[in-house]
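Working notes for the structure below.
Here the structure is a predicted model, which means the values were calculated and not measured.
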Amino acid sequence: MYQVDDIQLGAGSGAAALAPGGGFARAPSLRGSFGQRAEGLRDRAQRFDLVVDLGQRIGSREWLRGFVTCFGLCYAAWSLAPGFEPLPGAVPAPLPDVQFEEARTIAIAPLAYGGDTGRRMAPTDAVEPLTESPERPIIDLRATLGRGDGFANVLERAGVAAAEAAQAAQLIGAVVPVSDIRPGTVMDMTLGRRPNRMVARPLDKLAFRARFDLRVELARAGGALTLRQIPISVDDTPLRITGLVGASLYRSARAAGVPSQAVESYLRALATQLNIPSGINSDDRFDIIIAHRRAATGETETGELLYAGLTRSNGHSLQLMQWESDGRTQWFEANGIGRQTGGMTRPVPGGVTSGFGMRFHPILNYSRMHQGVDLRASYGTPIVAVADGRVEFAGWHGGHGNAVALNHGGGTETWYGHMSRILVRPGQSVHRGQEIGLVGSTGLSTGPHLHFEVHRNGIAVNPLGQAFASRAQIAGADLAAFRARLRSLLGTPIGANQREEQAGVRAGTNRNAR
Ligand SMILES: [Zn+2]
């Protein structure tokens, strides 16, 4: 017993050894079982894991317990969280009707809808009535001339007396017709001091842009209005834009800065000479010159299309310029040839002076078969190929003098005689409308004209029976003037936004001009 005590309690306390024997007889055993149980509980508590890893042993007892714990904690947190309901506060008591009306009279909000209360607020003692409000000494105004508006009307609307407005219109009209002043023109004016309120203010100053290149100023000096003209220097160098056609001619030209109207004019001009779009390739280059004015004050004005060029990578390049011929303005090629449609083109524009068939020859002095027609044309008029073909013959051909024969395929040949100059070589292919020579009087000829023959399968046929297309052509002094204008136009530098392409296009232009 004591041994047990000794072992179990050891030198626990001296008191145990002194305790009465009877009472302590069971004590060691009691203490022993209680201690063991506590020990077990402590063990279990240590093993009891409140924070179960829910990622492990899913479905096990511990996991379920951990899940319930977690859920419980979440629920507890949620149930303890404060709500988001509005906090109760004090609400002002609604005003009685009479007080509400009183408040509404002086409130700002109702004024936004107009004073609808009809309540008059009486002036207080702080208010000092004025006998007359002071007038501004001068008034600066801006007036705009509308479409269909009268110049004098604008001034009158601004407060100028009718007589003075008429006088101003007369002064301006001496320089620029007032009807020519563009709608939208903004006029700056100054109205001066008036002697009393019963009369209109005098016009002290009026300034506006009367024309693109002219600014006018009316100013009162010594009681009378005087006009001053201020010219605005204008650079009217045309705008030249070139570029690659690419996928879409329209889009490429627009991207290069050509105004849409000019692109449309350009396409219409090209359509007189070739089929659109099949006649244009993506690697062709467009060359567009547009009338353009740039004022020193910075404004620019873009005008009509002046020149339409197309440098084609394969085949004939086009250089088109507008020209008035026979009272009609139309597009002409650099060689002076205008629009042509279907069939054969006339080699020269002149009429027939001698027909096909038997006739008396003026030089040979006897009747013989005239194998073709003689067409009236002055010396040096360009002769063009009537259809696409290949040069079969080019040189001296007996009585025909300098002559060219073209083979158009399908057994059709055309002959051109009495030329002063031949512009093609044998074997060269030509396109319809291309210059092949100039009118002359070589060979057996009494004067400048074109002898023209059409052969079908080696037999001369009446050229007048063939389908000719009508076309316009510029000739003589008119052609020289046309070419001079074209040359000066082609001297236009390419626009600033085209600088990087300048070198390449210059080369192309030179090739065409040759
Ligand atoms: Zn003839």
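- Looking at Arg240, its side chain does come within 3.5 Å of a backbone N or O of Leu490 through a donor-acceptor pair.
- Checked by atom type and distance alone, the side chain of Asp374 never pairs as donor or acceptor with a backbone atom of Ser354 at under 3.5 Å.
- Salt-bridge check for Arg293 with Asp235: failed, with every basic side-chain N at 4.0 Å or more from each acidic carboxylate O.
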(request) Go through Arg209 and Glu299 one step at a time and tell me if the salt bridge (Lys or Arg N to Asp or Glu O under 4.0 Å) criterion holds. (result) CA-CA 12 Å; Arg209 192 185 197 138; Glu299 297 85 356; 2.9 Å; yes
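- Look at Arg220 and Asp204 and you find a salt bridge, because one of the NZ, NE, NH1 or NH2 atoms lies within 4.0 Å of a carboxylate O, short of that distance.
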(request) Check the pair Val178, Asp180 against side chain to side chain contact (heavy atoms under 4.5 Å, CB included), reporting the backbone distance first and the verdict last. (result) CA-CA 5 Å; Val178 285; Asp180 285 7; over 6 Å; no
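- Between Arg193 and Glu135, no side-chain nitrogen of the basic residue sits less than 4.0 Å from a carboxylate oxygen of the acidic one, so the salt-bridge criterion is not met.
- By the 4.5 Å heavy-atom criterion applied to side chains, Arg390 and Glu392 are counted as neighbours.
- Residue Arg251 places its CZ atom among 12 or fewer non-hydrogen atoms of other residues, nucleotides or ligands, all under 6.0 Å distant.
- Rounding to the nearest 0.5 angstrom, the gap separating the CG atom in Asp188 from the CG atom in Leu206 is 8.5 Å.
- Note that NZ of Lys205 and CG of Leu225 are 12.5 Å apart. Values are rounded to the nearest 0.5 Å.
- Arg376 is linked by a salt bridge (Lys or Arg N to Asp or Glu O under 4.0 Å) to nothing, counting only residues two or more places apart in sequence or in another chain.
- Between the CG atom in Leu486 and the CG atom in Leu306 there is a gap of 11.0 Å [rounded to 0.5 Å].
- For Arg421, the CZ atom is loosely surrounded, since the number of other residues' heavy atoms within 6.0 Å does not exceed 12.
- One finds a salt bridge joining Arg157 and Asp149 here, because a Lys/Arg side-chain nitrogen approaches an Asp/Glu carboxylate oxygen to under 4.0 Å.
- With no hydrogens or angles considered, a side-chain donor-acceptor pair links Thr414 and His408 at under 3.5 Å.
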(message) Is there a side chain to side chain contact (heavy atoms under 4.5 Å, CB included) between Phe332 and Met321? Walk through the geometry before answering.
(response) CA-CA 5 Å; Phe332 285 96; Met321 194 180 81; over 6 Å; no
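- Looking only at distances, no side-chain donor or acceptor of Glu164 sits under 3.5 Å from a matching main-chain atom of Ala161.
- When side chains are defined from C-beta on, Asp287 counts as touching Tyr307, because their heavy atoms get closer than 4.5 Å.
- Sorted by first and then second residue, the salt bridge (charged side-chain N to carboxylate O under 4.0 Å, His left out) pairs involving residues 252-265 (not counting sequence neighbours) form an empty list.
- The side-chain heavy atoms of Leu244 and Ser252, taken from C-beta on, include no pair separated by under 4.5 Å.
- Note on ring orientation: taking the six-membered ring where Trp is involved, the planes of Trp323 and Phe482 are perpendicular (angle over 60°, cut-offs 30° and 60°).
- Considering only heavy atoms from C-beta on, Val175 comes within 4.5 Å of Leu214 through its side chain.
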(message) Let's go through Ile422 and Ile436 carefully: what are the C-alpha distance in whole Å and the side-chain angles of both, what is the deciding distance for side chain to side chain contact (heavy atoms under 4.5 Å, CB included) to 0.1 Å, and is it a yes or a no?
(response) CA-CA 6 Å; Ile422 294 171; Ile436 56 169; over 6 Å; no
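- For the side-chain contact (heavy atoms from CB on, under 4.5 Å) criterion with Arg285, the lone passing option out of Val245, Leu310, Thr242 is Thr242.
- For CZ of Arg147, the number of neighbouring non-hydrogen atoms (other residues, nucleotides, ligands) closer than 6.0 Å is 12 at most.
- Residues Pro202 and Leu191 have side chains not in contact (no heavy-atom distance under 4.5 Å, counting atoms from C-beta outward).
- Aromatic ring pairs are classed by plane angle as parallel below 30°, tilted from 30° to 60° and perpendicular above 60°; the pair His400 and His397 is parallel.
- Using a 4.5 Å heavy-atom threshold, the side chains of His451 and Tyr416 count as separate.
- Shortest non-hydrogen contact noted between Ala158 and Leu141 is O-CD1, 3.4 Å.
- A side-chain N or O of Arg456 and one of Thr412 form a donor-acceptor pair less than 3.5 Å apart.
- Taking every heavy atom of both residues into account, Arg201 and Gly192 meet most closely at NH1-O, 3.0 Å.
- The distance from the OG1 atom of Thr381 to the CD atom of Glu435 is 10.5 Å, given to the nearest 0.5 Å.
- Although no hydrogens or angles enter the test, the distance criterion places no donor-acceptor pair under 3.5 Å between the side chain of Thr185 and the main chain of Ile181.
- Rounding to the nearest 0.5 angstrom, the gap separating the CD atom in Glu301 from the CG atom in Leu239 is 13.0 Å.
- Figure legend: cation-pi geometry between Arg268 and Tyr266 absent, as NZ or CZ is not positioned both under 6.0 Å from the six-membered ring centre and within 45° of its axis.
- Contact annotation: the side chain of Met187 never approaches that of Leu218 to less than 4.5 Å [non-hydrogen atoms, C-beta and beyond].
- Taking every heavy atom of both residues into account, Pro463 and Val454 meet most closely at CB-CG2, 3.7 Å.
- Checked by atom type and distance alone, the side chain of His370 pairs as donor or acceptor with a backbone atom of Gly355 at under 3.5 Å.
- Open room surrounds CD on Gln261; 12 or fewer heavy atoms of other groups in view lie less than 6.0 Å from it.
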(message) Please determine whether side chain to side chain contact (heavy atoms under 4.5 Å, CB included) holds for the pair Ile172 and Phe208, giving the CA-CA distance in whole Å, both sets of side-chain angles, and the decisive distance to 0.1 Å.
(response) CA-CA 10 Å; Ile172 301 288; Phe208 65 97; 3.8 Å; yes
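- Side-chain contact check for Asp140 and Thr190: at least one donor-acceptor pair (N or O, by modelled atom type) lies under 3.5 Å.
- The two residues Leu155 and Ala168 make their nearest non-hydrogen contact at CD1-CB, 3.7 Å.
- For the pair Trp415/Gln371, no side-chain contact is recorded, criterion being any heavy-atom separation below 4.5 Å from C-beta on.
- Scanning all heavy atoms of the two residues, the minimum distance from Leu249 to Phe286 falls at CD1-CD2, 3.7 Å.
- No donor-acceptor distance shorter than 3.5 angstrom exists from the side chain of Thr442 to the backbone of Ser420, with no hydrogens or angles considered.
- To the nearest 0.5 Å, atoms NE2 (His449) and OG1 (Thr353) are separated by 6.0 Å.
- A pairwise comparison of heavy atoms in Met189 and Ala143 identifies CE-CB, 3.6 Å as the closest pair.
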